[in-house]
Number of protein chains: 2
Amino acid sequence: MHASLRARSSVWHADTVTTPPPGLRERKKQATREALREAALRLAVERGPDHVRVEDIAEAAGVSPRTYNNYFASREQAIVAAVTADREARIAAVVAARPAGVRLADAVTEAVVEQYTNTGEREHEALLLITTRTALRDAFLDATAGIEPPLTVVIAERLGDAGAHTARVLAASVAAAVRIALEGWLRPAGNAGAAEGFGAGGLVVPSGSLPDRLRAALAPLAPAFDAAERRTQP
Amino acid sequence: MHASLRARSSVWHADTVTTPPPGLRERKKQATREALREAALRLAVERGPDHVRVEDIAEAAGVSPRTYNNYFASREQAIVAAVTADREARIAAVVAARPAGVRLADAVTEAVVEQYTNTGEREHEALLLITTRTALRDAFLDATAGIEPPLTVVIAERLGDAGAHTARVLAASVAAAVRIALEGWLRPAGNAGAAEGFGAGGLVVPSGSLPDRLRAALAPLAPAFDAAERRTQP
DNA sequence: CAGGAAACATGCGTGCACGCAAGTTTGCGT
DNA sequence: ACGCAAACTTGCGTGCACGCATGTTTCCTG
């Protein structure tokens with residue numbers, strides 16, 4: 001029983017770039033990938049994350065354990081990927097879709113907030129599970145690095161060829177900022193912080209919601225975006 | 001990808017704060033850590049990185065293999081640590097030592113360039129070895145994340161308590177930029193780039209020296225530093 | 001200067017990550 | 001339509017990462 005490849009409606013709506021028709025090979029690969037991450041998440045939810053071995057996931061997806069490792073480098077990656085999926089690509093797409101008039105910084109910030117706010121019921125359940133194991137938390141945080149490549153592309157489009165280099169740095173900074181926001185957000189479970197209500201002069205940030213945290217983390221980067229944009233369209 | 005190198009050594013907030021006399025325990029720990037990373041590098045150079053097992057390193061350092069893993073989470077980390085060592089802390093120290101008058105962006109940039117330019121003979125040899133194995137290259141790049149915590153502290157000192165949050169993001173962005181610079185710098189070995197001399201309008205960056213790359217990568221962040229600084233000292 | 005608590009080292013066991021060398025499938029040119 | 005080349009899957013073997021339980025060292029407090 002191989003991975004079910006249901007005929008996915010191949011709606012190749014022009015993605016700004018010409019998408020060459022995906023061959024059989026590529027479709028199978030994506031199907032296997034999806035089967036693996038779905039199986040990983042399902043099993044992790046059903047029996048608890050510690051009672052799922054790679055062997056189980058592979059079997060549930062109809063491939064060999066060795067093949068599993070051709071798709072995911074760690075056990076945690078597959079589980080996390082079921083939640084992360086293609087957030088990366090969606091963020092980039094949303095940024096690209098924003099009218100050229102708006103500030104790049106705003107476009108990016110809103111795109112990020114938008115994609116991380118779409119918390120479906122299933123995702124929420126998965127996130128709860130992720131917070132319970134540090135290995136999963138780490139894998140989840142590491143996954144944010146995945147937004148860097150697509151973000152680099154869309155930012156580079158706005159900045160022009162001269163800013164290709166800058167785009168890379170800005171995209172990486174955004175990824176870092178998002179990571180920090182998420183890190184602080186799902187910390188409550190594994191509290192180990194130093195300053196928790198020290199009475200001195202410092203005004204303590206009250207630990208807001210995810211959108212608030214994301215905006216707060218991205219705000220310091222806005223001047224860098226503005227400067228980069230200014231350099232191409234004076 | 002193996003990225004999780006959290007839980008670094010218990011950072012007694014760098015200089016600036018009084019360092020309590022380190023007890024016997026802490027001194028032994030540092031000695032063991034150093035013995036391990038020195039042994040790791042020496043053996044890797046002597047017999048080649050593929051012919052060094054964790055068991056060998058542990059034996060050379062006079063500890064059990066299990067103890068090795070209490071200090072380093074992967075085989076590559078130990079080798080890389082022999083080069084990286086405490087660059088992290090030194091960068092932070094140099095930034096803190098800069099007179100309060102200079103732009104924060106300049107202080108950070110110069111500190112980073114300074115520390116990565118100090119290429120001793122031994123380090124150069126080690127870097128050559130590191131470029132030969134992708135696993136080592138990855139570990140080396142991941143190690144740059146280590147500058148984040150100490151950098152956060154010194155930046156936060158300049159920005160005041162109100163900017164603690166911003167400091168975190170800026171430090172992470174610097175780490176990301178440095179990573180990008182290093183990534184491009186030691187790429188020549190494993191070339192796989194797409195655009196290598198396309199004649200079109202784009203002006204191709206000629207792949208400069210490390211200091212040039214570091215400055216170029218950090219430059220886009222300068223406006224963010226300036227804005228943060230401006231917000232505390234108008 | 002006891003004596004107990006906390007940090008640390010170590011052995012053992014388990015599941016895993018990944019290189020390598022077949023065997024199999026897909027894609028493409030002629 | 002044929003057949004070759006490249007991509008992908010799989011089994012095997014090796015070294016490794018890390019939880020757990022236990023013995024040992026360091027530290028602190030009365």
Side-chain angles (χ1 to χ4, degrees), chain A residues 1-3 5 20-36 40 43-44 47-59 61-81 132-139 142 192, chain B residues 1-7 9-10 12 20-33 35-36 40 43-44 47-59 61-81 132-139 142:
Chain A
M1 54 194 97
H2 292 80
L5 32 133
L24 206 206
R25 195 168 240 155
E26 192 60 23
R27 267 178 292 137
K28 263 194 176 179
K29 239 172 66 171
Q30 291 311 322
T32 299
R33 182 180 299 273
E34 185 180 334
L36 280 172
L43 291 178
R47 18 174 130 161
D50 295 335
H51 298 153
V52 181
R53 289 167 311 177
V54 162
E55 190 187 338
D56 304 328
I57 301 174
E59 187 183 12
V63 297
S64 77
R66 184 62 184 84
T67 294
Y68 170 92
N69 270 314
N70 289 341
Y71 284 85
F72 297 101
S74 83
R75 195 172 52 91
E76 289 76 20
Q77 265 186 28
I79 299 176
V80 160
T132 64
R133 297 291 182 281
T134 44
L136 285 175
R137 262 194 32 181
D138 289 347
D142 286 346
Chain B
M1 219 24 133
H2 5 54
S4 63
L5 33 119
R6 224 112 292 139
S9 57
S10 50
W12 324 93
L24 208 206
R25 194 169 240 155
E26 192 61 22
R27 266 178 292 134
K28 263 193 175 177
K29 239 171 66 170
Q30 291 310 324
T32 299
R33 182 179 300 272
L36 281 172
L43 292 177
R47 16 175 132 162
D50 294 336
H51 300 153
V52 182
R53 288 167 311 177
V54 162
E55 189 186 339
D56 304 327
I57 301 174
E59 187 184 11
V63 297
S64 76
R66 184 63 184 82
T67 293
Y68 171 93
N69 270 310
N70 288 342
Y71 284 85
F72 298 101
S74 83
R75 194 171 53 92
E76 288 76 19
Q77 267 185 27
I79 299 177
V80 161
T132 64
R133 298 290 183 282
T134 43
L136 284 175
R137 262 193 32 179
D138 289 347
D142 285 347

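Note on naming: letters A, B, ... go to the chains in the order of the sequence lines (proteins, then strands), and numbering restarts at 1 for each one.
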Quickly work out the B/Arg27 CZ to C/dA7 C1' distance and round it to whole Å.
16 Å
Say you draw a straight line from CG of B/Asp142 to CD of B/Gln77; how long is it, rounded to the nearest 0.5 Å?
8.0 Å
With distance as the sole test, does B/Arg75 use its side chain to make a donor-acceptor pair with the main-chain N or O of B/Val52 at under 3.5 Å?
yes
Provide, to the nearest angstrom, the distance between the NZ atom belonging to A/Lys28 and the C1' atom belonging to C/dT26.
8 Å
Nearest heavy atom decides the nucleotide; on that basis, is B/Val52 or A/Thr67 closer to the 5' end of DNA chain D?
A/Thr67
Nucleotide nearest B/Asn70 when distance is taken to its side chain, options D/dT10, D/dC18, C/dT10
C/dT10
Round to a whole Å and report the spacing from OH of B/Tyr71 to C1' of C/dA7.
10 Å
Regarding A/Phe72, tell me which of base, sugar-phosphate or nothing describes its non-hydrogen contacts under 4.0 Å with the strands shown.
nothing
From the candidates D/dC8, C/dC16, D/dT10, the one with an atom nearest any side-chain atom of A/Arg75 is C/dC16
I'd like to know if B/Arg66 reaches the base of D/dG19 with its side chain such that a donor and an acceptor end up less than 3.5 angstrom apart.
yes
Is a side-chain donor-acceptor pair under 3.5 Å present for A/Glu34 with A/Gln30?
no
Side chain of A/Val54 - closest among C/dT10, C/dC16, D/dA17:
C/dC16
Which part of the nucleic acid, if any, lies within contact of B/Arg25, taking any heavy atom under 4.0 Å across all strands shown: a base, the sugar-phosphate backbone alone, or nothing?
base
Atom CD of A/Glu76 and atom P of C/dG15: how far apart are they, to the nearest Å?
15 Å
A/Asn69 (side chain) donor-acceptor with A/Arg66 (main chain) under 3.5 angstrom
no
Measuring from the side chain of A/Lys29 (C-beta onward, heavy atoms only), which nucleotide among C/dA17, D/dC8, D/dT9 has the closest atom?
D/dC8
If I take atom CZ in residue B/Arg133 and atom P in nucleotide C/dA17, what distance separates them, rounded to the nearest angstrom?
22 Å
Whole-Å distance between D/dC18 P and B/Tyr68 OH?
11 Å
Nucleotide C/dT10, atom P - distance to CD of B/Glu59 in whole Å:
13 Å
Would you mind reading off the distance between A/Glu55 atom CD and C/dG15 atom P, rounded to a whole angstrom?
9 Å
Any idea which of D/dA17, C/dC16, D/dT9 is nearest the B/Ser74 side chain?
D/dA17
Residue pair A/Tyr68 / A/Glu55, side-chain heavy-atom distance below 4.5 Å:
no
